[in-house]
Amino acid sequence: LFRSLVRVGDTSDGSQVGANIVIGTVGLHFIDISLNTDGSIIAIGACTNGSTGIVKIYKYDNGWNLDKTFTTTDNNTFLGFSVSLNGDGTIVAYSEPKLPNGGLPGIVSVNEYINGEWSQKGSDIKAISVLDFGYFFGNTISLNKSGNVLTVNSNEGYTHIYTYKNNEWVLLSDFIIINAPSEVAITGRSISINDSGDTIVMGLPNNDDNGTNSGQFKVFTITPLTTITTTTLNNQKFGENILSAELYFRGIKRFEKQDM
């Protein structure tokens with residue numbers, strides 16, 4: 001049997017942190033991971049076609065120790081297709097995009113660690129548009145540092161922004177719509193929100209504006225969480241994978257300081 005493993009490395013010296021984390025003994029098709037800011041907590045989502053999927057939370061204390069497992073009894077939900085931790089690792093969001101073209105809305109759930117227990121934070125977030133049904137609502141999600149702003153993307157090219165208010169997740173903006181047919185299939189498959197929750201970085205590797213599959217990198221600035229403006233950069237297959245909107249944001253600030 002194949003084993004699915006996750007390894008954590010220290011970027012300062014390239015050494016491995018702790019032993020391998022074994023996720024399962026079945027060949028899993030999709031694995032997503034998210035680390036908290038100091039690297040002491042990791043969320044791992046794993047699923048495969050026809051499976052229920054799992055989300056596991058590990059904490060580091062002289063090794064990686066399993067803290068919590070989230071599961072579902074429903075098949076083909078792709079639970080854990082995308083996961084995201086907030087800065088201190090006390091809030092985790094994970095998606096169940098559902099079976100494509102199944103006519104069922106995808107779901108994103110958020111849980112918070114309080115007094116030694118994980119409990120749901122607000123109600124499940126469900127696809128609000130028929131256009132999202134069957135198009136992997138929740139194919140990519142991203143939490144900001146404090147865990148009160150969440151972006152949720154679908155394959156059809158819609159990105160939703162939610163904020164946590166009065167114990168519920170409230171839709172903040174209209175859709176961010178990407179209209180080009182050539183890029184819809186994996187629009188926003190790589191997406192990240194910065195620490196403060198007012199800047200979103202999105203990759204569109206199939207964009208053709210600068211040549212076939214040249215790719216596009218978009219930055220959405222939300223001020224004040226209602227109006228969305230964009231900046232674009234093009235390159236060959238650019239934007240296929242985005243690690244951190246906060247790193248991008250800080251990099252822009254560094255360039256600004258150099259120009260002064």
Side-chain angles (χ1 to χ4, degrees), residues 28-34 43-57 68-86 91-112 118 120-144 147-164 168-178 183-193 197 200-204 220 240-242 245:
L28 296 167
H29 294 172
F30 310 103
I31 294 180
D32 195 30
I33 59 176
S34 179
I44 304 172
C47 57
T48 187
N49 291 323
S51 77
T52 56
I54 55 173
V55 173
K56 293 186 175 184
I57 309 293
K68 177 68 176 180
T69 301
F70 299 96
T71 61
T72 179
T73 58
D74 298 328
N75 289 326
N76 291 314
T77 63
F78 291 89
L79 172 69
F81 192 83
S82 184
V83 296
S84 182
L85 283 170
N86 72 327
I91 300 175
V92 62
Y94 57 87
S95 66
E96 296 181 63
K98 306 294 186 183
L99 186 66
N101 301 317
L104 297 174
I107 293 174
V108 175
S109 300
V110 183
N111 280 258
E112 185 171 15
W118 287 94
Q120 186 157 343
K121 186 179 180 70
S123 303
D124 287 337
I125 302 170
K126 298 181 180 180
I128 59 175
S129 167
V130 174
L131 291 174
D132 284 315
F133 289 15
Y135 288 103
F136 257 45
F137 176 82
N139 79 334
T140 309
I141 59 177
S142 183
L143 275 171
N144 71 329
N148 66 338
V149 182
L150 173 69
T151 61
V152 181
N153 191 76
S154 73
N155 270 5
E156 188 65 4
Y158 298 89
T159 297
H160 312 264
I161 305 167
Y162 297 87
T163 188
Y164 190 72
E168 285 297 342
W169 292 99
V170 179
L171 185 65
L172 273 183
S173 72
D174 294 331
F175 304 127
I176 300 172
I177 302 176
I178 312 300
E183 64 191 20
V184 160
I186 48 178
T187 290
R189 182 61 187 97
S190 188
I191 190 171
S192 181
I193 191 168
I200 298 170
V201 180
M202 179 185 293
L204 298 92
F220 296 83
E240 194 157 15
N241 189 26
I242 295 171

Taking the side chain as C-beta and beyond, is there a heavy-atom pair between [X] and [Y] under 4.5 Å?
X      : Y      : answer
Val110 : Ile91  : yes
Pro97  : Phe137 : no
Ile191 : Thr159 : yes

Nearest non-hydrogen partners of Trp169 and Leu143, listed with the distance: CH2-CD2, 4.3 Å

Heavy-atom pair with the smallest gap, counting every atom of Gly138 and Ser95: O-OG, 2.7 Å

Just verifying a value: how many Å separate [X] [atom1] and [Y] [atom2], rounded to the nearest 0.5 Å?
X      : Y      : atom1 : atom2 : value
Asp32  : Asn139 : CG    : CG    : 10.0 Å
Lys56  : Tyr94  : NZ    : OH    : 14.5 Å
Ile125 : His160 : CD1   : NE2   : 10.5 Å
Glu96  : Thr77  : CD    : OG1   : 4.5 Å

Donor-acceptor pair, side chain of [X] and main chain of [Y], under 3.5 angstrom:
X      : Y      : result
Ser142 : Thr151 : no
Thr163 : Asn148 : yes
Ser34  : Leu85  : yes

Worked check of side chain to side chain contact (heavy atoms under 4.5 Å, CB included) between Thr140 and Phe81: CA-CA 8 Å; Thr140 309; Phe81 192 83; over 6 Å; no

Passing candidate, side chain to side chain contact (heavy atoms under 4.5 Å, CB included) with Ile200, options Val149, Ile193, Asn144: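 Single side chain to side chain contact (heavy atoms under 4.5 Å, CB included) partner of Ile200 among Val149, Ile193, Asn144: Ile193.
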
Listed partners of Glu168 passing side-chain contact (heavy atoms from CB on, under 4.5 Å), at least two apart: Ser123

Derivation and outcome, side chain to side chain contact (heavy atoms under 4.5 Å, CB included), residues Cys47 and Leu79: CA-CA 6 Å; Cys47 57; Leu79 172 69; 5.8 Å; no

Under the ring pair (Phe, Tyr, Trp, His ring centres under 6.0 Å) test, residues paired with Tyr162 that sit two or more places apart: none

Asn111 and Phe70: CA distance, side-chain angles, deciding distance, side chain to side chain contact (heavy atoms under 4.5 Å, CB included) verdict: CA-CA 10 Å; Asn111 280 258; Phe70 299 96; 3.6 Å; yes

Ile141 vs Asn153, side chain to side chain contact (heavy atoms under 4.5 Å, CB included): CA-CA, chis, key distance, verdict: CA-CA 6 Å; Ile141 59 177; Asn153 191 76; over 6 Å; no

Any residue meeting side chain to side chain donor-acceptor pair (under 3.5 Å) with Trp118, in chain and number order, not counting sequence neighbours: Asp67

Listed partners of Thr72 passing side chain to side chain donor-acceptor pair (under 3.5 Å), at least two apart: none

